[in-house]
Visitor: 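Submitted below is the structure of interest, expressed as structure tokens.
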2 protein chains.
Amino acid sequence: MTTAEAEVTRGSALAHNASFLLTRASVLAAQRDNRMLEPLGLKVRSYSVLSLAIEDVPPTQREIAEFLRLDPSQVVALVDELEGRGLVSRAPDPRDRRAKVVAATAQGRSVYDEARGRVVDVMSHLDPDDAATLQRVLEQLAFEE
Amino acid sequence: MTTAEAEVTRGSALAHNASFLLTRASVLAAQRDNRMLEPLGLKVRSYSVLSLAIEDVPPTQREIAEFLRLDPSQVVALVDELEGRGLVSRAPDPRDRRAKVVAATAQGRSVYDEARGRVVDVMSHLDPDDAATLQRVLEQLAFEE
DNA sequence: TATTGTTATACTCTATAACTATA
DNA sequence: TATAGTTATAGAGTATAACAATA
């Protein structure tokens with residue numbers, strides 16, 4: 001009963017609630033991204049870890065956990081999987097040998113490049129001015145604490 | 001090591017990825033909302049169901065499921081809980097007696113009003129023009145399929 | 001003593017299939 | 001036969017506590 005659903009959609013107070021809209025938009029984006037990444041054996045989570053491991057100064061697991069708002073124990077599993085596939089490597093941080101630096105391998109870089117091409121840009125259908133505002137405001141909302 | 005975390009935050013490609021920002025912003029908002037709703041025995045999910053049940057034309061469970069992008073079986077559990085607390089009632093839809101309409105009770109309305117006052121508006125710290133743009137663009141992103 | 005990574009565990013959330021009652 | 005709601009269940013995601021190595 002699509003018409004009835006549409007009525008609920010348009011009329012309800014929820015449909016204009018910012019938190020709700022934020023959640024629904026991000027769920028839709030994540031589902032799309034997961035579908036696009038599936039052929040590469042990645043999900044949004046593992047893609048996120050891989051994309052951090054690409055950086056010139058690769059992060060420790062602790063930094064990954066903080067940045068992705070995950071528990072350190074979840075990062076262990078994600079890195080285990082990527083390491084098992086040869087996409088990243090773990091190495092003790094010379095400055096603090098308790099910490100492990102997670103860096104992408106050559107193969108990891110290659111998979112990342114392919115993945116990045118597949119992940120749809122949420123902004124691509126937007127008016128450029130709107131896209132710029134969205135980018136700026138989301139960075140504000142995503143990192144305020 | 002907060003400084004290192006900040007470097008990763010600012011420098012990484014991920015930090016500028018729209019999907020990622022969307023997800024991080026919505027997770028932060030949901031966590032805040034959950035904390036604010038906890039004293040009322042609600043979470044974002046049950047609050048969402050309650051707020052739909054408030055509407056003048058209350059929805060069926062199927063409509064709730066489609067709108068919230070949940071499986072119908074999850075809606076059963078959410079409505080069970082709210083009904084058990086006397087906040088909503090289930091009634092067969094006269095037009096299709098297979099379907100059940102979920103409507104808020106007087107007590108449900110009262111709890112909803114209190115909840116709505118507690119849920120922080122994501123927009124409240126934003127520049128008014130930015131807030132208006134965000135609202136419009138999020139509605140676009142949240143309901144495009 | 002505190003912190004990083006790890007393991008184990010439990011809890012929540014999500015997804016699927018099968019059943020019932022209505023259509 | 002198809003759909004709404006329900007139930008049961010398994011899988012994914014999340015959160016917590018305890019432990020070894022290092023600081």
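Reminder, nothing fancy here: chain letters follow the sequence lines and each chain counts from 1.
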Visitor: Could you give the CG-to-C1' distance, from A:L68 to D:dT14, as a whole number of Å?
Guide: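 Interatomic distance, CG of A:L68 to C1' of D:dT14: 14 Å.
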Visitor: Are A:Q107 and A:R85 linked by a side-chain donor-acceptor pair shorter than 3.5 Å?
Guide: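 No - no donor-acceptor pair under 3.5 Å links their side chains.
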Visitor: Looking at A:D56, I'd like to know if its CG atom is crowded, meaning that more than 12 non-hydrogen atoms belonging to other residues, nucleotides or ligands lie closer than 6.0 Å.
Guide: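 Result for CG/A:D56: open.
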Visitor: With clusters built from Ile, Leu, Val, Met, Phe, Trp and Tyr whose side-chain heavy atoms come within less than 4.5 Å, directly or transitively, what are the remaining members of the cluster of A:V27, listed by chain and number?
Guide: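 None; A:V27 is a cluster of one.
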Visitor: Assigning hydrophobic clusters by single linkage (Ile, Leu, Val, Met, Phe, Trp, Tyr; side-chain heavy-atom cutoff under 4.5 Å), is A:L50 placed with A:V101?
Guide: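 Different hydrophobic clusters.
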Visitor: Roughly, in whole Å, what's the span from NZ in B:K100 to P in C:dA21?
Guide: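 Distance, rounded to whole Å: 11 Å.
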Visitor: Please enumerate all protein N or O atoms sitting under 3.5 Å from an N or O of nucleotides 18-23 of chain D, with distances to 0.1 Å.
Guide:
from	atom 1	to	atom 2	distance (Å)
D:dA23	OP1	A:R97	N	3.0

Visitor: Under 4.0 Å: is that the gap between some side-chain N or O of A:R62 and OP1 or OP2 of C:dT6?
Guide: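 The answer is no; no side-chain N or O of A:R62 sits under 4.0 Å from OP1 or OP2.
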Visitor: Salt bridge (charged side-chain N to carboxylate O under 4.0 Å, His left out) between A:D130 and B:R136: does it pass, once the steps are laid out?
Guide: CA-CA 9 Å; A:D130 286 349; B:R136 180 170 45 78; 2.8 Å; yes
Visitor: Between atom CD in B:Q61 and atom C1' in C:dT22, what is the gap in whole Å?
Guide: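 Taking CD of B:Q61 and C1' of C:dT22, I get 15 Å after rounding.
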Visitor: Base, backbone or nothing for each nucleotide of nucleotides 8-19 of chain C, written B, S, -, heavy atoms under 4.0 angstrom, 5' to 3'?
Guide: B----SS-B---
Visitor: Which residue, A:L78, A:L52, A:V79, A:D80, forms the side-chain contact (heavy atoms from CB on, under 4.5 Å) with A:V88?
Guide: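 Result for side-chain contact (heavy atoms from CB on, under 4.5 Å) with A:V88: A:V79.
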Visitor: Assess the side chains of B:H125 and A:Q140: does a donor N or O sit below 3.5 Å from an acceptor N or O?
Guide: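 There is no such pair (donor and acceptor under 3.5 Å, judged by atom type) between the side chains of B:H125 and A:Q140.
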Visitor: May I have the distance from B:R90 (atom CZ) to C:dA21 (atom P), rounded to whole angstrom?
Guide: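 One finds 16 Å between P of C:dA21 and CZ of B:R90, rounded.
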Visitor: For A:D33 and B:S19, does a side-chain donor sit closer than 3.5 Å to a side-chain acceptor?
Guide: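 The answer is yes; a qualifying pair exists.
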Visitor: Expressed in angstrom and rounded to an integer, what is the separation of B:E66 atom CD from D:dT3 atom P?
Guide: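 Distance, rounded to whole Å: 12 Å.
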